[in-house]
Each structure stands twice: as structure tokens, then as C-alpha cells.
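Worksheet for the structure shown next.
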Amino acid sequence: MCIRTVMTYASTVFAHAAPKALHRLQVIQNKFCRVATYAHWCVRNSILHRDLELPTISKYMKDASKRFFDIAGSHPNALLRAAIDYQPPHPTYLIRRPRNVLTDPPDALTAAVESLNDVNDTHD
């Protein structure tokens with residue numbers, strides 16, 4: 001079974017995992033990218049992700065959570081719709097709620113990949 005399939009299935013849970021756990025998953029993905037492309041150690045991870053058109057773990061989780069909440073918002077079950085309609089707590093509130101993942105800033109690797117993609121888009 002592909003690791004991406006497992007993460008897709010549980011992405012709404014993984015998206016709220018500790019940053020260290022997501023970082024470990026990102027390290028594994030980076031190693032797979034390196035092995036699959038025979039990339040030298042000096043090639044940046046952001047370059048690998050851009051060239052492979054592969055989202056980082058945090059971006060993938062954020063996108064999957066957004067899709068989930070978009071679908072749940074139009075679900076016929078009123079209880080499910082009510083569960084997602086809430087105001088996010090203040091940013092200093094210690095407990096992370098599921099929708100907070102959508103407003104979290106991107107991590108360093110995701111920001112680097114997005115900036116590389118933006119540069120490529122302007123040159124095309």
C-alpha cells in the first residue's frame with residue numbers, strides 16, 4: 001500500500017498532528033524523492049518537489065482538509081454541517097481545532113516550493 005494512500009485516508013487526523021510528526025513524514029517523503037530520482041545530496045528538497053510537481057506533506061494535508069470541510073459543509077446530515085460551522089478560537093488558544101489547520105502559515109519547505117513555482121510561472 002502506498003504511503004500517500006494511507007495519508008489520504010487519515011489526512012484529516014494527520015493534519016492536526018504535532019509539527020514534529022509531520023516533519024518526520026516530510027523527511028521520509030524527501031528520502032523517497034531522492035532515491036526515486038537518483039538526486040545528489042546537494043540538490044535541495046524544494047527543487048525536487050518542484051520538479052516532481054509533488055506537494056509537501058503539510059500542503060497536501062492542508063489541501064485534503066480543505067476538501068473534506070468543503071464536502072462536509074454541503075453534506076445532507078445536519079449534525080455534520082453543524083459540527084463544522086464554528087468560529088476559530090483566538091490564535092493564542094492552546095487547543096488546535098481542525099479548521100485552524102487551514103489558516104496555519106506554511107512551513108519553510110512548502111514556502112520555498114511555492115516561491116519556486118511562482119518564479120517558474122512568471123518565466124513561462
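What you see is a predicted model, and the numbers here were worked out from it, not measured in a lab. Numbers for residues simply follow the sequence, beginning at 1.
Under a 4.0 Å N-O distance rule, the pair Arg67/Asp63 does not qualify as a salt bridge.
Atoms CD and CG, from Gln29 and Leu48 in turn, are 10.0 Å apart once rounded to the nearest 0.5 Å. Distance check: Lys62 NZ to Lys59 NZ gives 8.0 Å after rounding to the nearest 0.5 Å. Distance check, rounded to the nearest 0.5 Å: CD1 of Ile28 to NE2 of His23 gives 10.5 Å. How far CG of Leu109 is from CG of Asn30: 6.0 Å, rounded to the nearest 0.5 Å.
Results of the side chain to side chain contact (heavy atoms under 4.5 Å, CB included) test with Arg50 over Leu52, Ile47, Leu54 single out Ile47 as the only residue that passes.
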Steps toward side chain to side chain contact (heavy atoms under 4.5 Å, CB included) verdict (His49, Thr110): CA-CA 9 Å; His49 283 274; Thr110 302; over 6 Å; no
Side chain to side chain contact (heavy atoms under 4.5 Å, CB included) between Arg24 and Val27, worked out: CA-CA 5 Å; Arg24 287 180 183 158; Val27 168; 5.6 Å; no
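Taking 4.5 Å as the limit, some side-chain heavy atom of Arg34 sits within range of a side-chain heavy atom of Asn45.
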